[in-house]
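To keep things clear, I will list the structure first and then write my remarks on it.
Bear in mind the structure is a predicted one, so any value in this text is a computation, not a measurement.
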Amino acid sequence: MDLRLDTLSVPAALPRAGTLPMLRRPAPVSAPPTEIAEADPEMAAQLVYGKPPTLLPYTRQDAYDRRRTVREIPSVVLENDVLTATFLPGLGGRLWSLVHRPSGRELLHRNPILQPANLALRDAWLAGGVEWNLGTTGHWPLTCEPLHAVRMTAQDGTPVLRMYEYERQRRLTLCVDAWLPAGSPVLYVRVRIRNAAEGETPVYWWSNIAVPEAPDVRVLGPADAAYHFGYEGLLRRVGFPELDGVDRSYTTRVPGSADYFLDIPEGRRPWIAALDGEGRGLVQTSTARLRGRKLFHWGTGTGGHRWQEWLSGPGSRYLEIQAGLARTQLEHLPMPGRTTWTWTEAYGLLEADAERVHGPWEQARTAAAEALERLVTAERLEQASRTVMSVPEERLATGSGWLALEIAAGSEVADASLPAGEPGDEQRPWLELLSTGALPASEPPAVAVTGPRWRELLEGHAEDWHALYHLGLVRLADGEPEAARSAWLRSLDLRRTPWALRALAQMDGDPEPMVEAQRLLPASRDLAVEALTLLLDTGRPAEALSLVDGLDEPLRALGRVRLLEARAAIGTGDLDRARAILDAGLEVDDLKEGEVSLDTIWTAVHPGRPVPREYDFRMRTA
């Protein structure tokens, strides 16, 4: 048994956080369900519950490109004589690799590159391994952020990796414990979510597990039906795996991208596996609280292949098997105040009879379920979930200073049982507000905070533009847009800043203050993109082109700005200008999952011609 620090040497382009808080929630990848077939009252209620209007206090993470260089990424390795597990605390605590040592087989999709792409709530997301997702629907805000990590010891002497952090939007603390007992054929992962506040909060969790995809890989689970969501706004209950004459448990037989949320009967053991032609592959199981299971695949269309290459490079295809608190990934659960939820997951190599695995569905899933019982029984998993840990013994990685700040502020959400370290530079202005009652002036403004303690401290600062700007943010996060507007207008009375102007523009959908904000900060990529987008969304393409023409060359050369320029050119009827942009080659580093702008522009300027592969990211095949 071993727990050690190591490094992962990999070609990488790592993201950085921006400075502008996210005043709107990003548009979903696909339309939310406009029709829901056979949803019971619980599911129907949870599909509409808990969707936040903003992502405050977070900023975007879009400061990346596609020019990768070999980086040494800090990692933590857990190992016994059966498995080697590699975690990346600096990138959301992701389980990056799980190797079965006797066979040398990698059980996960171990991405050969670290390439961010715009698939997460804050933009930057990485494909591969096992991603932990807490908060609200979508890839969580901390997926590319560092977590705290410490060494602990289980009661039998097994080393334990504990990773934890404070999730600032839902105001929850997350703790993930991972360990590999001697001889264990499975990696144990125990998750703890704590809502220390008095009131209820909406909660979302999915463990997203990427595994290699191949024609002989079959995804199995303990269900005969699934809720199918195929990016056309319809969530419907269907038989699984047979649908429209195709066995959907073999993902390379399906053209379009799709989600299948397995409808696991009440009381049946939850698990999901992806097994190859020999009946071998990764299995994930858990204690009962983690009830949902999902299959996601990109599909075999050009767009699906293009996305795979965009995320992992050529020849590195994967699918995802996932596990969540709810039955679908479109739901939030109500978590009462002063409550802790825990569950334990297990990951390992499943080996079942290949003929049965690739036979009729009932036979296949029964064979896998029997093999799972041989690997780790439900009783053994329950016993592991009660493993007692020591106190933290050694710090292995450092996360953010936000938990330390909340502890310093005496906030009710703070979990003082977790070693929080010291607040850092981002938290320093707020420490000064705590100690002196005044928020120091700062340009750009301090990193945003939310919550009742900070609102209490900011209220009453009627002559401080900086405090009033942040008061508006806190009020907006509390669902009070008119009160937020009042604070920002007063802030502008005291000082005309691009940040308050941008906040008003974002909230009202008015391009005028946004254009003024961009003129005040002409070198800001984010303000240029937001101003251009808002001008186009409000039907003012000529003004958008004028703004583009006034940008400095480094901004004009950005792929996102060139894409917006092409849209504006089409909007004014200048197809030659848009055509020239495409013909020169257009690569948009932060292309959003589900975005169809490139193929739409191509079709507008080259009617009747097929969309080239490099511009085809369509997730639907029709």
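Taking a 6.0 Å sphere around CD of E393, one finds it holds more than 12 heavy atoms contributed by other residues, nucleotides or ligands.
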Open item on the list: Please evaluate residues T136 and H332 with respect to the criterion side chain to side chain donor-acceptor pair (under 3.5 Å), reporting the C-alpha separation (whole Å), side-chain torsions for both, the decisive distance (0.1 Å), and the verdict.
Closed with: CA-CA 7 Å; T136 183; H332 296 96; 3.0 Å; yes
Task: Residue pair T201, N195: steps toward the side chain to side chain donor-acceptor pair (under 3.5 Å) verdict - done: CA-CA 8 Å; T201 191; N195 176 18; 5.5 Å; no
Task: Working for salt bridge (charged side-chain N to carboxylate O under 4.0 Å, His left out), residues R560 and D526 - done: CA-CA 10 Å; R560 175 61 62 180; D526 290 340; over 6 Å; no
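R268 contributes a side-chain N or O that, together with a main-chain N or O of P222, makes up a donor-acceptor pair within less than 3.5 Å. In this structure, E167 contributes its side chain and Q169 its backbone to a donor-acceptor pair below 3.5 Å.
The cationic atom of R66 (NZ for Lys, CZ for Arg) lies less than 6.0 Å from the six-membered ring centre of W310 and within 45° of the ring axis.
For the pair R525 and D590, the salt-bridge criterion is met [side-chain N within less than 4.0 Å of a carboxylate O]. Taking 4.0 Å as the cut-off between side-chain N and carboxylate O, E145 and R168 do not count as a salt-bridged pair. Taking the charged nitrogens against the carboxylate oxygens, D177 and R192 have no contact shorter than 4.0 Å, which rules out a salt bridge. By the 4.0 Å N-to-carboxylate-O rule, R16 lies too far from D62 to be salt-bridged with it. The existence of a salt bridge linking E351 and R374 is excluded, since no basic side-chain nitrogen approaches an acidic carboxylate oxygen closer than 4.0 Å.
Within the 6.0 Å centre-distance limit, the rings of H358 and Y250 are counted as a close aromatic pair. Taking the centre of each ring, Y260 and Y227 stay at or above the 6.0 Å mark.
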